[in-house]
Amino acid sequence: MNLQDTLTTVEQELDITKKIKIYLCGVTVYDESHIGHARTIIVFDVLRKYLESKKVEVDFVQNFTDVDDKIINRATKENVAAEEISSKYIENYFRDFEELNVKRATNYPKATEHIEDIIEFIKKLIGKEMAYVAKNGVYFAVSKFSEYGKLSKKKIDELQSGSRIQIDETKNDPADFAVWKFSDINPAWDSPWGKGRPGWHIECSVMSLKYLGENFDIHGGGRDLIFPHHENEIAQSEACTNLPFAKIWMHVGMVTISGEKMSKSLGNTKSIKQVLENWGPNIIRLFCLSGHYSKVIDYSEDMLKENLTKWRQVETCYFELIHANNKNQENVSESIQKIGIEFDKSLEDDFNTHLALSAFFQLVKETNRLAAAEKLGKENGAIIKKEFERISAILGLTIPEMSQNEIQEIDELILNREKFREEKQFDKADKIRDELNKMNVELIDHKERTIWMKKEKIKSE
RNA sequence: GGUACUCUGGCAGAACGGUUAUGCGUGAGCCUGCAAAGCUUAUACAAGGGGGUUCGACUCCCUCGGGUACCUCCA
């Protein structure tokens with residue numbers, strides 16, 4: 001498998017014959033997660049599901065930043081403990097991503113639970129003279145890490161001119177960043193240098209090395225994390241271990257809205273919760289996978305609507321497959337195999353989910369063609385269904401299961417309708433159809449028989 | 001200003017030197033008691049502008065221009 005690496009700017013080979021270790025920078029928990037977060041996490045969720053479908057073992061670690069100025073500010077504003085804020089939004093995070101059908105990470109380490117490790121790490125940095133104690137905190141000495149800037153392709157001396165933060169006179173160099181901030185405000189911990197809390201970047205260095213070891217396979221996150229966050233992580237980690245940090249840096253493009261980045265600071269976010277209510281998980285997933293992961297995608301209601309159309313086709317395909325019982329069958333094993341190979345190939349070539357989706361829609365189309373031609377039988381239907389299920393599991397698409405009772409009820413209603421249709425009592429037949437529609441069941445009248453599909457309820461439809 | 005990414009038909013979005021991408025939309029037809037869904041078929045002056053390399057360029061090079069992101073809050 002090949003993946004574009006931000007650090008070397010070329011595609012790197014990922015050896016998927018052995019265990020893959022992935023670290024994804026998660027969210028700072030001070031507010032609801034939005035579609036931008038969803039995109040990044042869905043991309044990695046599909047990557048992981050793909051690898052696991054190939055029997056590759058995956059260690060997937062995603063952190064929560066649960067100590068941060070923003071959390072503290074919010075807590076102060078709401079007059080509650082910082083902990084309360086972070087635990088509330090962690091809970092909400094799981095609620096959202098559960099519903100988005102994102103598989104739980106192997107591990108969700110939190111900064112606050114790794115203070116000891118962080119302190120040990122800082123000790124090492126100070127011991128190596130890569131960090132120093134100043135008035136307001138402990139800082140990493142950027143100038144001592146000669147490769148600083150290699151990820152974001154920035155030159156240290158150019159960083160200062162554009163700097164929008166006030167220059168802190170107590171630092172040796174304006175480019176230096178805090179690994180420990182002195183503070184008495186809770187949450188604060190004792191350290192050999194004074195009471196305070198960790199800087200933002202240090203937790204990821206510490207926790208990724210702790211859980212994945214040195215030189216793990218993929219370090220991911222949104223593109224906006226390249227600088228300073230990932231740049232600083234590299235500096236700290238490599239300064240500490242003298243070994244290359246992550247093998248591949250994989251960055252997911254931003255989600256924009258009306259051409260502008262969706263972000264909490266701009267206040268133009270669409271929360272996952274809100275979009276889930278209106279569109280449901282499958283459409284969000286299709287939308288998030290609709291473009292190459294490295295590029296920008298623009299959020300709009302029109303795009304969601306387009307993905308709703310696609311989702312309806314997938315649903316139709318699925319229900320055609322479970323009802324398949326035509327006598328005349330066309331041999332499909334070869335064409336389906338081709339589609340499967342195409343799907344895999346697309347993902348292995350820099351994780352091109354859009355191309356992979358194209359392959360999937362070929363399968364959908366092929367199924368619907370066979371169904372229209374009354375050539376979808378039990379055997380070829382089963383072949384297609386197997387591939388359909390493999391692909392939709394990787395993409396994380398789910399069609400809700402139905403109870404036997406419900407199915408029986410639907411079947412009976414259809415039988416009644418058929419009777420009325422034969423008797424040309426169309427009013428009564430249509431009434432039954434309306435009744436079924438109310439249950440979100442849509443009928444598909446083929447030449448020889450009628451099948452049904454249970455549509456996902458989509459509020460925005 | 002620097003750096004990175006990006007610019008493809010009405011819209012979304014692929015192909016990394018040589019085929020119609022694909023999907024949405026739209027038109028026509030088929031199917032149907034009527035719908036819905038689906039199928040068939042048609043539809044695109046497309047490549048940000050201008051140069052160049054080449055038998056051949058969306059793809060490589062140069063140049064000019066637009067957009068977005070980052071330049072110490074951010075997925």
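Values in this document were obtained by computation on a predicted structure and should not be read as measured data. Naming convention: chains lettered A, B, ... in sequence-line order (proteins, then strands); numbering from 1 in each chain.
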For A:Thr6, which residues count as a side-chain hydrogen bond (donor to acceptor under 3.5 Å, both in side chains) partner, sequence neighbours excluded?
-> A:His251

Output one line per pair: protein atom, nucleotide atom from nucleotides 47-49 of chain B, and distance, for all N/O pairs under 3.5 Å.
none

With a non-hydrogen cut-off below 4.0 angstrom, is A:Phe361 in contact with a base, only sugar-phosphate, or nothing?
-> nothing

Which of these nucleotides, B:rC70, B:rG25, B:rC73, is closest to any side-chain atom of A:Thr309?
-> B:rG25

Assign A:Val27 to base, sugar-phosphate, or nothing according to its heavy-atom contacts below 4.0 angstrom with the strands shown.
-> sugar-phosphate

Which of these nucleotides, B:rC73, B:rC34, B:rC71, is closest to any side-chain atom of A:Ser265?
-> B:rC73

Are A:Lys345 and A:Glu348 within salt-bridge range, i.e. N to O under 4.0 Å?
-> no

Using a strict 4.0 Å threshold on nitrogen-to-oxygen distance, state whether A:Glu387 and A:Lys338 make a salt bridge.
-> no

Rounded distance in Å - NZ (A:Lys155) to P (B:rU3) = 7 Å

Can you figure out which of B:rC34, B:rU72, B:rC74 approaches the side chain of A:Ala175 most closely?
-> B:rU72

Which part of the nucleic acid does A:Glu11 contact within heavy-atom distance under 4.0 Å: base, sugar-phosphate only, or nothing?
-> base

From the list A:Asp68, A:Asp69, A:Thr112, side-chain hydrogen bond (donor to acceptor under 3.5 Å, both in side chains) partner of A:Arg197 resolves to A:Asp69

What does B:rG38 pair with, Watson-Crick or G-U, if both distances are under 3.5 Å?
-> B:rC30

Determine, for A:Phe361 and A:Lys310, whether the Lys NZ or Arg CZ falls below 6.0 Å from the six-membered ring centre while staying within 45 degrees of the axis.
-> yes

What does B:rC16 pair with, Watson-Crick or G-U, if both distances are under 3.5 Å?
-> none

Give one of base, sugar-phosphate or nothing for A:Gly26, where a contact means two heavy atoms less than 4.0 Å apart.
-> sugar-phosphate

d(CH2, A:Trp311; P, B:rC24) in whole Å = 16 Å

Identified ring-ring contact (aromatic ring centres under 6.0 Å, His included) counterpart of A:His114 within the set A:Tyr108, A:Phe121, A:Tyr211 | A:Tyr211

Which is true for A:Ser263 with a 4.0 Å heavy-atom rule: it touches a base, it touches only sugar-phosphate, or it touches nothing?
-> base

Report which part of the nucleic acid A:Ile444 touches: base, sugar-phosphate, or nothing (heavy-atom distance under 4.0 Å, all strands).
-> base

NA contact type, A:Leu443, heavy-atom cut-off 4.0 Å: base, sugar-phosphate, or nothing?
-> base

Tell which nucleotide pairs with B:rG23, taking only Watson-Crick or G-U wobble pairs whose two distances are both under 3.5 angstrom.
-> B:rC11

From the list B:rA37, B:rU3, B:rG33, which nucleotide is the closest neighbour of the side chain of A:Ala429?
-> B:rG33

Just how far, in rounded Å, is C1' of B:rU72 from NE2 of A:His201?
-> 7 Å

A:Arg417 and A:Asp445 ion-paired at < 4.0 Å | yes

Describe the nucleic acid contact of A:Gly259 in one word from base, sugar-phosphate, nothing, applying a heavy-atom distance below 4.0 Å.
-> sugar-phosphate

Name the closest nucleotide to the A:Asn232 side chain, picking from B:rC74, B:rU72, B:rG2.
-> B:rU72

Show each protein N/O and nucleotides 9-15 of chain B N/O combination with a separation under 3.5 Å, one pair to a line.
unit_1	atom_1	unit_2	atom_2	d
B:rG13	O2'	A:His354	ND1	2.9
B:rG13	O2'	A:His354	NE2	3.3
B:rA14	OP1	A:His292	N	2.9
B:rA14	OP2	A:Lys295	NZ	3.3
B:rA14	O3'	A:Asn352	ND2	3.2
B:rA15	OP1	A:Asn352	ND2	3.2

Parallel, tilted or perpendicular: which describes the rings of A:Phe216 and A:Phe245, with under 30° parallel and over 60° perpendicular?
-> perpendicular

Less than 4.0 Å between a side-chain N and a carboxylate O, is that true for A:Glu78 and A:Arg74?
-> yes

Ignoring hydrogens and angles, are the base of B:rC39 and the side chain of A:Glu374 linked by a donor-acceptor pair under 3.5 Å?
-> no

Quote, to the nearest angstrom, the P distance that separates B:rC61 from B:rG25.
-> 38 Å

Using the ring of each side chain (for Trp, its six-membered ring), is A:Phe140 parallel, tilted or perpendicular to A:Phe177, with breaks at 30° and 60°?
-> parallel

Taking atom P in both B:rG18 and B:rC60, compute the distance separating them and give it to the nearest angstrom.
-> 12 Å

Which whole number of Å gives the distance between the C1' atom of B:rG49 and that of B:rU41?
-> 37 Å

Answer with base, sugar-phosphate or nothing: what part of the nucleic acid does A:Arg433 contact at a heavy-atom distance below 4.0 Å?
-> base

Quick one: which of B:rG33, B:rC70, B:rC73 gets closest to the side chain of A:Arg417?
-> B:rG33

On a whole-Å scale, what distance lies between the C1' atoms belonging to B:rU26 and B:rG67?
-> 29 Å

With a non-hydrogen cut-off below 4.0 angstrom, is A:Gln362 in contact with a base, only sugar-phosphate, or nothing?
-> nothing

Salt-bridged, A:Glu98 to A:Arg104, with N to O below 4.0 Å?
-> yes

Can you label the angle between the A:Phe287 ring and the A:Tyr299 ring as parallel, tilted or perpendicular, going by 30° and 60°?
-> perpendicular

Which of B:rA75, B:rA4, B:rA37 is nearest the side chain of A:Glu442? It is B:rA37

Looking across every strand, which nucleic acid part, if any, lies under 4.0 Å from A:Gly36 by heavy atom: base, sugar-phosphate, or nothing?
-> base

Please determine, for the side chain of A:Asp430, which listed nucleotide (B:rU22, B:rA75, B:rC34) has the closest atom?
-> B:rC34

How is A:Ser152 classified with respect to the nucleic acid when contacts are heavy atoms under 4.0 Å: base, sugar-phosphate, or nothing?
-> sugar-phosphate

Check every strand shown and say whether A:Ser346 touches a base, only sugar-phosphate, or nothing at a heavy-atom separation below 4.0 Å.
-> nothing

Separation of the P atoms in B:rC58 and B:rU19, to the nearest angstrom = 10 Å

Which of A:Thr353, A:Ile42, A:Leu289 passes side chain to side chain contact (heavy atoms under 4.5 Å, CB included) with A:Leu395? Answer is A:Leu289

Give the rounded distance in Å between these two atoms: NZ of A:Lys261 and P of B:rC74.
-> 9 Å

A:Tyr148-A:Asn232 side chain donor-acceptor pair, cut-off 3.5 Å | yes

Looking at residues 448-461 of chain A, who's got a heavy atom less than 4.0 Å off RNA chain B?
-> none

Got a list of protein N/O to nucleotides 26-32 of chain B N/O distances below 3.5 Å?
none

What is the base-pairing partner of B:rC5, counting Watson-Crick and G-U wobble geometry with both distances under 3.5 Å?
-> B:rG67

Measure the acute angle between the ring planes of A:Phe319 and A:Trp452, then classify it against the limits of 30° and 60° as parallel, tilted or perpendicular.
-> tilted

Answer yes or no for A:Arg433 and A:Phe420: cation-pi contact, defined as NZ/CZ to six-membered ring centre under 6.0 Å and angle to ring axis within 45°.
-> no

What's the closest nucleotide to the A:Glu260 side chain, out of B:rC74, B:rA69, B:rA37?
-> B:rA69

Sequence neighbours excluded, which residues qualify as side-chain hydrogen bond (donor to acceptor under 3.5 Å, both in side chains) partners of A:Lys264?
-> none

